Asker: 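Just passing along the structure, written as structure tokens.
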Amino acid sequence: MYKRQITEFLGETKHYLRTFLRQRGVTTDGHETQKELAEKCFWTEKLGLGRKFSDDEAAQDILLARSDKLILDGGLVKLPRPESLAGAAHNPWEDTLASLPDVSRAQMEAYINSVGRKLGCPNSGGKTLGLGKGLFLSGHVKDVQFHGISPNINYCFLRAKVLPQTKNNKAPYHPWIVLNKSNGSVITAECSCIVGVQSGCKHIAAVLFALVDTVEKGLNRATTSRRLTWGTPSKNRAQGPGCGRLVSP
């Protein structure tokens, strides 16, 4: 089936775009720009998300995608859904990041760019990173937590809340990320936003910026019980109007 390019959606009116989304069960808050609506329409069609309310096959595809991303090492490791770890009193989520692996800026960029290539949008990574950086610098990343899963597993979860870009009084998005404990590489991710199943949205990028900033400040090596304060980037990072553009360390 033919699927439109984002440029085709950009040529449509706001009314058309909102109707397109509403007919597919996708909500809008009435404050999105025409460009943001066009992006939602593009990803709704590309990922088949609009079919999930009436098409059992599409719904099954999404469930399989959510499950498959947690099967690692050629099937030898199957991680639990992070939601299932919420009630584990003996092994709770940690508010401090003393155990955070040393994830680097290069690893963050490589992961986001790889997601774009897998989706057939090889040039989308830079934009996603720019939007994610803007969210981080604006203080939209909150309540980052770590979970080591098990001492016998070489992977860990990070989760956070990311406030919506346009309306802070709306419910936050809930991205989570899997990192390799040994080398800090980004393995996979997911978000509760409309395109979160594709593993590389701007909310995931925002959390990755927060994690990289934590490592660059050395806070993942600090033995402290206090919760970290988010949205306060390192002094050697560019801020202000140019925050949407990546700045090399």
Side-chain angles (χ1 to χ4, degrees), residues 1-10 17 20-21 24-28 32 35-53 55-72 79 81-83 103 107-136 140-141 155 157-162 164-165 171-180 185-211 246:
M1 182 180 70
Y2 171 72
K3 294 185 178 180
R4 283 169 280 186
Q5 299 298 312
I6 193 168
T7 51
E8 297 177 68
F9 285 110
L10 287 169
L17 298 172
F20 179 93
L21 292 168
R24 288 154 180 80
V26 179
T27 60
T28 63
E32 295 98 334
K35 184 177 180 181
E36 289 171 337
L37 288 169
E39 289 178 344
K40 276 192 173 183
C41 290
F42 171 74
W43 286 111
T44 295
E45 185 171 80
K46 185 175 183 67
L47 300 175
L49 297 181
R51 298 165 55 206
K52 68 181 178 181
F53 298 96
D55 193 303
D56 291 340
E57 184 179 5
Q60 186 63 27
D61 286 345
I62 292 173
L63 289 174
L64 286 173
R66 296 182 72 202
S67 175
D68 287 350
K69 68 175 59 180
L70 292 173
I71 300 175
L72 309 175
L79 300 181
R81 292 287 304 176
E83 300 89 349
V103 57
Q107 288 170 319
M108 169 186 67
E109 294 177 3
Y111 172 77
I112 294 295
N113 286 326
S114 71
V115 171
R117 288 193 296 270
K118 288 177 184 176
L119 292 171
C121 304
N123 299 320
S124 66
K127 179 179 180 181
T128 300
L129 287 163
L131 291 171
K133 183 176 182 179
L135 284 170
F136 166 61
H140 285 245
V141 179
Y155 302 100
F157 281 122
L158 281 302
R159 71 179 182 183
K161 297 175 184 177
V162 179
Q165 191 165 17
Y173 297 106
H174 297 273
W176 55 260
I177 297 165
V178 176
L179 297 183
N180 185 299
S185 60
V186 186
I187 306 301
T188 188
E190 191 173 295
C191 181
S192 61
C193 74
I194 185 175
V195 297
V197 72
Q198 53 95 349
S199 305
C201 67
K202 63 184 178 182
H203 309 109
I204 291 169
V207 178
L208 285 171
F209 270 104
L211 299 180
L246 289 179

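None of the values given here were measured: they were computed from a predicted structure. Count residues from 1 along the sequence.
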Asker: In a check of side chain to side chain contact (heavy atoms under 4.5 Å, CB included) between I204 and each of I177, V115, V162, which one passes?
Answerer: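 That would be I177.
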Asker: Return the orientation label for the F42 and F9 ring planes: parallel under 30°, perpendicular over 60°, tilted otherwise.
Answerer: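 Plane angle over 60°, so perpendicular.
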Asker: Could you check if a side-chain atom of C193 sits within less than 4.5 angstrom of a side-chain atom of H203, using non-hydrogen atoms only?
Answerer: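 Yes, at least one pair of side-chain atoms sits under 4.5 Å.
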Asker: Shortest non-hydrogen contact from L129 to M108?
Answerer: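 Between these two residues, the closest heavy atoms are CD2-CG, 4.1 Å.
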Asker: Once you round to the nearest 0.5 Å, how far does CD of Q198 lie from CD of E190?
Answerer: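 Between Q198 CD and E190 CD, I get 10.5 Å after rounding to 0.5 Å.
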Asker: Find the distance between CD1 (I112) and CG (L208) and round it off to the nearest 0.5 Å.
Answerer: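 Those atoms lie 5.5 Å apart.
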Asker: Please confirm whether the backbone N or O of G116 pairs with a side-chain atom of S124, one donor and one acceptor, at under 3.5 Å?
Answerer: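 No, the answer is negative, given that no donor and acceptor are paired below the 3.5 Å cut-off.
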Asker: Spell out, as yes or no, whether a donor-acceptor pair under 3.5 Å connects the side chain of E39 to the backbone of E36.
Answerer: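 Not a single qualifying donor-acceptor pair exists.
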Asker: What is the minimum heavy-atom distance between F136 and A206, and which atoms define it?
Answerer: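 For F136 and A206, the tightest heavy-atom pair comes out as CB-O, 3.9 Å.
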Asker: Using 0.5 Å steps for rounding, measure from the CG atom of L79 to the OG1 atom of T188.
Answerer: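 So the gap between those two atoms works out to 9.5 Å.
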Asker: Can you tell me how far apart CG (L70) and CH2 (W176) are? Round to the nearest 0.5 Å.
Answerer: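 It comes to 4.0 Å.
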Asker: Keeping the roles fixed (side chain from Y111, backbone from A189), state whether a donor-acceptor pair exists under 3.5 Å.
Answerer: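 It does hold such a pair.
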Asker: Between P175 and V207, which heavy-atom pair has the shortest distance, and what is it?
Answerer: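 Of all heavy-atom pairs spanning P175 and V207, the closest is CG-CG2, 3.6 Å.
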Asker: Mind checking the CD1-NZ spacing from I6 to K35? Nearest 0.5 Å is all I need.
Answerer: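 One finds 8.0 Å between CD1 of I6 and NZ of K35.
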Asker: Any non-hydrogen side-chain atom of I187 less than 4.5 Å from a side-chain atom of L179?
Answerer: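 Sidechains of L179 and I187: no contact.
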Asker: Restricting to non-hydrogen atoms, name the atom on G200 and the atom on T128 that form the minimum distance, rounded to 0.1 Å.
Answerer: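 G200 and T128 have their closest heavy atoms at O-CG2, 3.3 Å.
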Asker: Which atom names give the shortest non-hydrogen contact between C191 and C201, and what distance separates them?
Answerer: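 Minimum heavy-atom separation between C191 and C201: CB-SG, 3.5 Å.
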Asker: Specify the closest pair of heavy atoms between W43 and V195, including all atoms of both residues, with the distance to one decimal.
Answerer: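 For W43 versus V195, the nearest heavy atoms are CB-CG1, 3.0 Å.
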Asker: Do the side chains of K202 and Y173 get nearer than 4.5 Å, heavy atoms only?
Answerer: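 They are not in contact (no side-chain heavy atoms under 4.5 Å apart), so the answer is no.
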